[in-house]
Amino acid sequence: MHGLIAHVLSAAAIASSSVLAANCKISPFDASWPSVDEWAALNNSIGGSLIRSTPAASSCYPDNPFGSSFNCTAVKSHWSYAANHSAWPESIDYSIWNNNSCVPPGVSGYTRGKGCSIGGMPQYIVDASSEDQIAKAMAWASDRNLRIVIKSTGHDLSGRSTGAYSLSIWTHNFKHTQYQQGWNIPGSNDTADVLICGGGNNWGTVYTAAHKVGKTVVGGEDATVGIGGLVLNGGHGLLSSSHGLASDSVYQVKVVTPDGRIIVANDVQNQDLFWAVRGAGGGQFGVVTEFVLQTHPVPKNVVTGGLTFYPRSKSTISKDASWFAFAEVASSLPDLMDQGITGTLMAVTGETAVSYLGLSEALPGASVMLSFLVYNSTVQNMNGTLQELAANITRASHNQVNLTLTSPEAQSYWSYTKPDFSASQSAGATSLLSSRLLGRNELCNLPRSDLVSYLQQISAAQVPESGTLLVWGLQGGKGPASTTDIRRGSVLPAWRTAYAHVMSYGGTVNATADPSEALAVGAKWYETVMEPVWRVWAPHTGSYMNEGNPFSSTWKHDFYGKNYRRLQGVKQKYDPSESIFVWSGIGSDHWQYDLQSGLLCRVHPQ
Ligand SMILES: Cc1cc2nc3c(=O)[nH]c(=O)nc-3n(C[C@H](O)[C@H](O)[C@H](O)COP(=O)(O)OP(=O)(O)OC[C@H]3O[C@@H](n4cnc5c(N)ncnc54)[C@H](O)[C@@H]3O)c2cc1C
Ligand SMILES: *[C@@H]1O[C@H](CO)[C@@H](O)[C@H](O)[C@H]1NC(C)=O
Ligand SMILES: *[C@@H]1O[C@H](CO)[C@@H](O)[C@H](O)[C@H]1NC(C)=O
Ligand SMILES: *[C@@H]1O[C@H](CO)[C@@H](O)[C@H](O)[C@H]1NC(C)=O
Ligand SMILES: *[C@@H]1O[C@H](CO)[C@@H](O)[C@H](O)[C@H]1NC(C)=O
Ligand SMILES: *[C@@H]1O[C@H](CO)[C@@H](O)[C@H](O)[C@H]1NC(C)=O
Ligand SMILES: *[C@@H]1O[C@H](CO)[C@@H](O)[C@H](O)[C@H]1NC(C)=O
Ligand SMILES: *[C@@H]1O[C@H](CO)[C@@H](O)[C@H](O)[C@H]1NC(C)=O
Ligand SMILES: *[C@@H]1O[C@H](CO)[C@@H](O)[C@H](O)[C@H]1NC(C)=O
Ligand SMILES: *[C@@H]1O[C@H](CO)[C@@H](O)[C@H](O)[C@H]1NC(C)=O
Ligand SMILES: *[C@@H]1O[C@H](CO)[C@@H](O)[C@H](O)[C@H]1NC(C)=O
């Protein structure tokens, strides 16, 4: 049964697996790997919910080696849809993280001759529908030194919901939502109107449930993204600058730990776990099967508007002016956000600017697109803000950028946020980026020439002609800053003074190279070119873990800050067997995960 996997592994990898065996999570090459009968016994004890990995694209290969029930043509035509990867038990959105083990011919990440293997995917999946099943399966795996991974939707940008030779716990079926008014907040005499949500929901299902009862919640901007990974690692969205991060709205969780305990955690019980999962929680301490989320009032309306500018010409004067214009906007963001504005800024250069803006040719300098929104306001107010900002940009650039306004419009909150599940076609082969949280110190309280220089440096591109993309989420500000201490959890403290979460996509990952080598090359570029800029510009902030660089050499500081040490204690307490590993997770430096061999081994053998 495991011969199919064996043939893709090199002799060297197998040899090293036996040398290191005692220090590694087990693999099918170990004598201690559970027998077919033992897997069957596990399956029996969990109500028949065990699935053998069956890569969806298996039907694209001769003799459909794993027996996929999906037509290859259909799999290939849906490969970019997040909703499909979410529904395929073994799949994730960015296939490089499972070593491109079984992708349909012709899609990005495919290489001729590689074939289809289980490879970097989990070996078995628990299609769980009860906490009890999860508890039994995780205790069983932990006892056997088997790696455990947790998948909700598979959206993760750092491949943290998959892993070779693992047992995957799939939260997909935990889809209940229940509105409860006057829910007693543990440890207080206050009540709240809450939405109790199963850990397998996505934002589309949660927003819809909240809408039905005339409420809303703080969550992400894409209907197919799961509440699990997003909330547990902080979570920003359309309402975070108003009401705090998604994890700031959590009153209680139900967690199944790797040693098989089912735990309710809130302000008065298991507070250490409750603190840890609200920020550092994704795939680190256990499976969260249920969240109690504070609901918020629905905004009376949404007013949108924006502007776009690019260098007037290819001249050096226009080029330089465009950077000053970008800096003018960047330094204005904190004040604008304090007035209630949220939204996105995108900055593009080179060929990327040509494709985003429909320019006729690449222009030196920066092109910037601003999409603002504000709640409970008017078209006139938004128009006034945009007119004023446009005048400031024109002045800062000495009229050397071409600028157009996007007309302000008002609409209902629901018409703006109504989920569209089929819209998300973001899945692909690779995902690697670097990000930073920026506040007034980094945007306002520095000489303008320094700000210009930093903006230029974070716009570096590994392939210079291709250019870069920067995405600035305007999701910090008042909401995260005004969250009370007890609601803050273990979220990176830098969020409390941040305004913008800035993602830089200048690196290029070769989708057809060996995945571990391609990732290493990409990681090296970010480490030597991009991370040093953030470290000088914003040494005291950090990065949002869900949209950050898992290979940054300063990941402990970047993602956890001063909370790292305390989180280590919580990890040791709830996952003593270190059954769950994620890239840049707490204690992940004890381990080396090699996508080549698929082995997860201790770096410093104990
Ligand atoms: C198109 C797109 C749009 C995005 N938009 C936003 C956005 O608006 N705001 C934002 O903050 N982020 C956004 N993100 C980033 C997003 O937060 C991460 O991709 C996140 O990992 C998604 O969580 P998931 O549960 O859907 O994914 P998964 O890949 O299933 O899980 C992600 C991580 O969380 C763990 N996990 C998931 N569920 C549970 C659970 N129930 N219990 C324990 N661990 C669990 C997994 O083990 C893994 O480590 C976006 C990502 C994409 C690709
Ligand atoms: C687990 O049991 C169910 C029900 O008997 C069965 O359909 C399924 O194929 C089994 N899973 C595995 C991996 O054998
Ligand atoms: C797969 O679907 C395509 C188009 O939808 C169809 O033409 C083809 O015959 C199907 N293949 C199989 C094996 O069913
Ligand atoms: C992809 O998802 C859509 C709905 O989201 C579904 O109708 C379709 O059958 C899925 N295709 C495959 C091949 O899984
Ligand atoms: C990962 O892919 C490479 C080739 O790209 C292959 O050599 C290696 O065996 C694969 N590893 C696993 C665990 O599938
Ligand atoms: C809740 O109310 C009771 C009775 O009024 C009071 O004794 C107690 O201190 C209150 N608890 C909190 C946490 O405020
Ligand atoms: C919008 O106004 C409503 C009604 O006054 C209020 O309850 C809500 O909190 C406001 N929303 C935001 C995001 O400011
Ligand atoms: C900017 O606008 C001017 C005046 O309309 C026009 O001549 C010029 O071609 C534009 N620049 C670019 C790069 O399109
Ligand atoms: C926005 O303001 C400008 C300048 O005052 C004005 O000409 C324009 O008509 C306004 N647009 C809207 C939609 O109010
Ligand atoms: C425009 O610039 C002035 C002067 O620096 C500043 O006071 C104002 O807030 C700016 N307006 C906007 C919308 O950024
Ligand atoms: C990507 O990797 C493949 C396989 O190693 C190689 O043939 C190709 O030249 C690489 N592409 C780039 C752009 O480096």
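Counting starts at 1 for both ligands and their atoms, in listed order. No experiment lies behind these values; they were computed from the predicted model shown.
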Under 3.5 Å side-chain donor-acceptor pair for Thr216 and Tyr413: yes

Interfacing atoms of ligand 9 (cut-off 4.0 Å, heavy-atom, Asn383): 1 (C), 2 (O), 3 (C), 8 (C), 10 (C), 11 (N), 12 (C), 14 (O)

Per-residue contact class, Gln380 against ligand 9 - non-hydrogen pairs under 4.0 Å: neither

Contact residues of ligand 3 (heavy atom under 4.0 Å), by chain and number: Asn71, Thr73

No-hydrogen, no-angle side-chain donor-acceptor test under 3.5 Å, Asn100 and Ser95: yes

Disulfide (SG to SG under 2.5 Å) against Cys444, all qualifying residues, sequence neighbours excluded: none

Disulfide bond (SG atoms under 2.5 Å apart) between Cys116 and Cys60, intermediate numbers included: CA-CA 9 Å; Cys116 170; Cys60 301; over 6 Å; no

Where ligand 6 meets Gly187 - atom numbers and elements under 4.0 angstrom, heavy-atom basis: 13 (C)

Pair Asp335-Gln339, side-chain donor/acceptor within less than 3.5 Å: no

Neighbour count >12 (heavy atoms, 6.0 Å) for atom OH, Tyr179: yes

Side-chain donor-acceptor pair present, Asn392, Arg395, cut-off under 3.5 Å: yes

